[in-house]
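Order of appearance sets the numbers: ligands from 1, and atoms from 1 within every ligand. Any value given below was found using the heavy atoms of this structure, including those in side chains, with hydrogens, waters and symmetry copies removed.
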Amino acid sequence: MCGIVGYVGGKQARDVVIDGLRRLEYRGYDSAGVALVSDGEIAFDKRAGKLANLEKAMEGSPLPASTTGIGHTRWATHGAPNDLNAHPHLGAKGRVALVHNGIIENFATLRDELERAGHDLVSETDTEVAAHLVEAELDRGADLTAAMQAVCRRLEGAFTLVAVDGEDPARVVAARRNSPLVVGIGEGENFLGSDVAAFIEHTREALELGQDQVVTITRSDVSVTDFDGNPAEGRRYHVDWDLSAAEKDGFDWFMRKEIFEQPRAVADALLGRHDETGALQLDEVRISDEELRDIDKIVIVGCGTAHYAGLVAKYAVEHWTRIPCEVELAHEFRYRDPILTRNTLVVAISQSGETADTLMAIRHARAQRSKVLAICNTNGSTIPRESDAVIYTHAGPEIGVASTKGFLTQLVACYLLGLYLAQVRGTKFGDEIAAVVEELQRMPGHVQQMLDEAEKVYELARGYADTRSVLFLGRHAGYPVALEGALKLKELAYIHAEGFAAGELKHGPIALIEEGLPVFCVVPPRGRDQLHDKMASAIQEIRARGARTIVLAEEGDQEVAPYADDTIPLPVVPTLLQPLVAVVPLQLFACELATVLGHDVDQPRNLAKSVTVE
Ligand code: AGP
């Protein structure tokens, strides 16, 4: 998720674009850049690091005056966050400058085609490929609008592209597919932005673009077409948010916004993970297939929510690959003198990539000559840099301290790793792997289905404002969901909460059950051996002792319904993938209850987004 700004009008474009980028830095902040159209050519500057780095550089060597320009703040997906990979990217002769948000799935094929045609691509990004393609269309006589249409017809994946032509100062052209883009309509000036925060200090008249549309803005005109050049319509509206609300896309908290971004985040985590034959491919896995075939043990390390993602992964990875899989709290790992060899794969899960406990764990693993693979959301952070391989989760910046989309995309990355290992080691047939990938492709829709029912969960949450303790039960892959649900309630509502494996109840915890005690029960899908029935028994046992049961179960599961004081229906999905949907109502519940209690949901007391001390 990156920040994009475009401008054409009577003001200094440099100032309008930089101000817009400043308001979009929450969308990405590992590098930034600006491109202007001046005296028949492109003038640009771009720097790694926060926007302030770019501004400082521009003070030393200011860009020329211009009234047409674009800008970008990056959240890296392809290519480390450095000056070279920062946006904008230029075409072969520097006539076109282009910025991009999203993932172009078929960029490798297009890059090969360009290089075979003699193009010299200098960055690691998918964006530079688009810039070269657009400029090549100009070379063939198209104007910038027609060039953008032609290129978009060839791209696959999710993208917002914004471009300028050094020889055409009158216009900025943009396009979108599965990625946000909105037009700001001014008087004698027009704007483009990833969201309205980019321009609401100038205008509150907005035009939201639809799927597969191209927009051309000049000082006096905004015209929209589809990718084939046919006229199209955007959705005109008035923005009545203040700036703070605009940054949160109208939500009250970044965390709530990030909960609702999860369908997109899960879809983005799946983008570009298979080649044209359908075989899985994982970015920056610098461990050879032969070494992966020699792996005889996997150890997953992480902290907090990341640790729970590892617990879910264990069920999937062992089932699909038959490799023994241990899951360890990172801060405990190296102190237990773990048995590690060259054939051990240590998987480090970390949203920030900077958690000290996890970093120390992988340093210990590497000292024992084990291979380390990072699952991380922050491109270029320390943990992936010190790992042999990485799977980036592509969730976009997660601002809320409590992890939500970070967790769901960690699960997706873990599933992809398990399937990739199964593919390399031949423990699952190609069609079996493809079937699971198809199920994963349906998960964004299932997650959206849970979000569509958010109001019912909010209503439930508001009834628990006086609660002092809550239990969470789950079995199999639902057990880590119970742990994560308890953590969300602890870290947001400051309520004592504890997650248990439901089978553990009779070994002690059932003594905690008393009249009115709320217990969330995550019920496995039906038809999976006896797991479902054993969970149903556990619910009966606690209900008989007075617990107030909130049951998360498949739609239509009548077996557990009689023992549920409240029911949260789940879509019918495979057992191993159920955590992707079951955790969503628990996130919503904790977020709403914390809001009702008047807590700072984005920055809960005593917590930091990244724990960089041991
Ligand atoms: C989760 O809501 C918490 N913010 C915390 O448990 C977090 O998951 C943990 O500190 C690990 O952070 P990381 O994923 O950035 O390594």
Contact atoms of ligand 1, heavy-atom distance to T305 under 4.0 Å:
1 (C), 2 (O), 6 (O), 8 (O)
Quick check on T358 - does any of its heavy atoms sit under 4.0 Å from an atom of ligand 1?
no
Can you tell if the side chain of F407 reaches within under 4.5 Å of the side chain of P579, non-hydrogen atoms only?
no
Check whether any heavy atom of S610 sits under 4.0 Å from an atom of ligand 1.
no
What one should report as the nearest heavy-atom pair of C376 and G353 is SG-CA, 3.6 Å
Determine whether the side chain, the backbone, both or neither of E354 has a heavy atom under 4.0 Å from any heavy atom of ligand 1.
neither
Can you sort out which atoms of ligand 1 are near K488, meaning under 4.0 Å from one of its heavy atoms?
1 (C), 2 (O)
Classify the side-chain pair N377/T393 by whether it contains a donor and acceptor separated by less than 3.5 Å.
yes
Do E354 and T382 meet the criterion of a side-chain donor-acceptor pair at a distance under 3.5 Å?
yes
For Y29, the side chain to side chain donor-acceptor pair (under 3.5 Å) test, sequence neighbours excluded, returns none
Which residue owns the protein heavy atom closest to atom 15 (O) of ligand 1, what's the atom, and how far is it?
S352 OG, 2.7 Å
Closest approach of any protein heavy atom to atom 11 (C) of ligand 1, naming residue and atom
C303 O, 3.4 Å
In ligand 1, the atoms that come under 4.0 Å of a heavy atom of Q351 are 13 (P), 14 (O), 15 (O), 16 (O)
G304: numbered ligand 1 atoms lying under 4.0 Å from its heavy atoms
6 (O)
Side chains of P180 and D195: does their closest heavy-atom pair fall under 4.5 Å?
no
Show me which atoms of ligand 1 lie under 4.0 Å from any heavy atom of T355.
12 (O), 13 (P), 15 (O), 16 (O)
Close-contact set for ligand 1 against S403 heavy atoms, below 4.0 Å
1 (C), 2 (O)
Strictly by modelled atom types, are E398 and S403 linked by a side-chain donor-acceptor pair under 3.5 Å?
yes
Top protein contact for atom 3 (C) of ligand 1, by heavy-atom distance
E491 OE1, 3.5 Å
Quick check on H307 - does any of its heavy atoms sit under 4.0 Å from an atom of ligand 1?
no
Taking side chain to side chain donor-acceptor pair (under 3.5 Å) as the test, write out the residues that go with R322, two or more places apart.
none
